[in-house]
Every structure is written in C-alpha cells, then in structure tokens.
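This report concerns only the one structure given below.
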Amino acid sequence: MLTINDTKVVHNFNSGPSILPKEVFQQASEAILNFNNTGLSILEIGHRTTLFQEVLDEAVSTLKELMHLDNDLEVLFLHGGASTQFFQVPMNLLNENETAAYLDCGTWGTKAIKEAKLFGNVNMVASSKDKNYSYIPKNYIIPSDSKYFHYTTNNTIEGTQMHSIPETNVPLIADMSSDILSHEMDFNRFSLIYAGAQKNIGAAGVNIVIVKKDILGKVNRKLPTMMDYRVHIENGSMVNTPPVFAVYVCMLTLRWLKQRGGVAEIEKINDIKAKLLYDTIDSLPVFKATVAKEDRSKMNVVFVMENPELEKQFLAECKENGIVAIKGHRSVGGFRASLYNALPLESVQVLTELMKEFANSHG
Ligand SMILES: *Cc1c(COP(=O)(O)O)cnc(C)c1O
C-alpha cells in the first residue's frame, strides 16, 4: 500500500481546503478501503449504522472536550459550508422588524451582512473597508437592544485576527472558520459559533455549528426543515444523510489534536510559527507585512514585496523548494502563508530560510 512517506516533501501553505495531519490522511485513506477492519469502505456503510454513529459521537464529544464547552451548547455537523450560515443564522434568529449588529472587518463578514439584510435590519457598528480591511476596528458601540452581535474572529483573506472577545451583553455570534481550535478562548461566551471544517478541522463538505438552545425558537417566520437548528439538534445532525466521509476526517483530526495535548499545546506551536514568520518579514527590508501590527493573524500571514517585480521570482523559488500555495488572494496581492494547526514548524523554517536567502541576494 502506498503510504504518505512515499510522496515527495511539500510545504503546503494553502488557505483552505488546507493541510491536515499526515496521520489523518493515512488513516482516512485506509478507511476508504477497509473501515475498522469491517471489510467495508467508510464510503459504503449506512449513516444510521452503529459504525457511523460512533464516528459522529466521537467527533461531537472530542470537540466539546477540546473547546471546554458547557452542557447548554449543542454541537452540530451540517452541510452547506460557512456561507450557508451567513443566511441560516439570521433566518433562525432575526425577525424582520428587529436589528442585529455586525462588524465589517473583511470579505467574509461583508458577505454575512449582505445575507442578514434579507431577513431583518443590520446595524453595521464599524468597518475597516476604508483601508482594504487591513486592521480591526476598535471602540465601536454595540447597542444593547441588538438581537445579536456577529463578527469574524479571523479574516482569512486579509490576514487580521481579533485577539480578544468583544465586551457586550447581547448574544455573541462568530464565524470562526479559519481560527477555530488554534488558540484557547472562552467559547462558552458565545451563543452561536460556526466554522467550515476545511481550514482547521477536516475535509471540505461539512460545517460545524455550536449553538445555545435558549436563543432558538423566537422568530415568527416559518423555517424549512433543513434550515431549522432545532430540528438538527433533535435529530443529532442526522435529519438526512450527513457528509459521512467529511465527518470522519473531522473526527480523526480532532482525535489527533487531543492526542497532541489539545488547544493549549497547539497554541504554543502556533505562536512560535507566527512569531518566526512575522519576525522574518519585519527584519528583511524587501518584505512588508500589510496589516496593523496589533491585529496580525496567527493563521493567515499576508505580506508583499517592496518591489512587486520580484514577487514572481520569489514565487518561482518557493516552488523549487517545495513551498506551495503561498500566492496572495487576488484582492490583496503578494503572498499569504496559512499556518493552520497541521502545518509543521519545519515548513515555516524552510520558508523563512528561503526568504532570508532571497533578501540577501536581492537586498
Ligand atoms: C473560508 C471561509 C468562509 C467560507 O467557507 P465555505 O465553507 O466555503 O462557505 C467563511 N468565513 C471564513 C472566515 C472563511 O475563512
């Protein structure tokens, strides 16, 4: 059987879908051929079998454990990606005559605002659009009569991150797609958290929603069955066929994280990775970070070159050294290095060494 070690060394800085632990790829590929020694593929077993129920149960319980979730928070595995949550959240929570507060601090948050407006009123409490979302707005006011406050914890495209939870007495809702489980935080302060799995948790095709039951059931509109969080809670994420393989990969990745000591331990490594890369950028005059220092993301490091003409050449040298997917998002340009949990420190070391060599020969 082909194993991961037979493949060539690649340093994968993809922003999503992105790198997962090699052990997870190995185990997932084995489960496609022979799941838990059943002689069956994970792809051909019924979702209502004990075999799959155990996978889902372990995914839910491990996530609860890793996030230290209180019992009033329900964990759901749903379809449709984080983008579906942009409208499912207001559909379940916001009446037409009510107002929800939103922070506009990046491309994804802007999309969430657009969808919320289809269901009720949006009060955009602050925006960093004036500077291409290169900072996180501060000192804004969240009116205490807002139905909820929605924000994006980490702006995957622009490379900014909120380093504290906003102080407010209204229910907090966050899109944590690109930094969930990367650092410790008090997840119990949130009424609803959502995240597409394909950045830090698993394979594309499944979406994690964590919700407090007490905020549900308060809108007047009729909800389609598949859009109603309460129905998913009642049915344990099994209203219809879940994306079984994607859930399985999530379970394996969550198990991997738990074995590595959980969020607190991975946070230490994530801090080292981010510090090494930002220190390197700051120390080399040819490179320049694009976002405000205090708002820098530890997951998605965005940087450009003082002389954009050199960018192509650097990209070519990255490729020669096995560094892939480091080209910046088209809206920002330059480079973006995503440092998700599964990316080893060694990959950042290879990148920063190359940056130093490049700066030496082009300084
Ligand atoms: C990737 C991403 C999304 C979109 O996720 P989909 O699963 O593709 O819908 C939304 N929000 C953030 C912060 C993201 O990084």
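The first residue of the sequence shown is numbered 1, and numbering continues consecutively from there. Each ligand, and each atom within it, is numbered from 1 in the order the structure gives. From a predicted model like this one, the values you see are computed outputs, not experimental measurements.
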Within reach of ligand 1, part of [X] (heavy-atom separation under 4.0 Å):
X	result
T152	side chain
K199	side chain
Y194	neither

Suppose we measure from [atom] to each protein heavy atom; which comes out shortest, and what is that distance?
atom	answer
atom 5 (O) of ligand 1	A82 CB, 3.5 Å
atom 9 (O) of ligand 1	S83 OG, 2.6 Å
atom 15 (O) of ligand 1	T156 OG1, 2.4 Å

Does the pair [X]/[Y] count as a salt bridge with the N-to-O cut at 4.0 Å?
X	Y	result
D175	K111	no
D228	R230	yes
E158	K129	no
R260	E23	no

Taking the side chain from [X] and the backbone from [Y], do they hold a donor-acceptor pair closer than 3.5 Å?
X	Y	answer
S18	Q198	yes
N155	C105	yes
T49	F52	yes

Do any nitrogen or oxygen atoms of G80 come within less than 3.5 Å of a nitrogen or oxygen of ligand 1?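 Checking ligand 1 against G80, no N or O pair falls under 3.5 Å apart.
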Check whether any N or O atom of D175, backbone or side chain, sits under 3.5 Å from an N or O atom of ligand 1, and answer yes or no.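 So ligand 1 has an N or O lying under 3.5 Å from an N or O of D175.
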Contacting atoms of ligand 1, where contact means under 4.0 angstrom from a heavy atom of [X]:
X	value
F86	10 (C)
S177	10 (C), 11 (N), 12 (C), 13 (C), 14 (C), 15 (O)
G81	7 (O), 9 (O)

Look at ligand 1 and say whether Q198 reaches it with a heavy atom at a distance under 4.0 Å.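 For ligand 1, residue contact (heavy atoms, under 4.0 Å) with Q198 is present.
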Are M162 and V291 in one and the same hydrophobic cluster, where Ile, Leu, Val, Met, Phe, Trp and Tyr link if side-chain heavy atoms are under 4.5 Å apart?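 No; tracing contacts between hydrophobic side chains, which count when under 4.5 Å, never links both residues.
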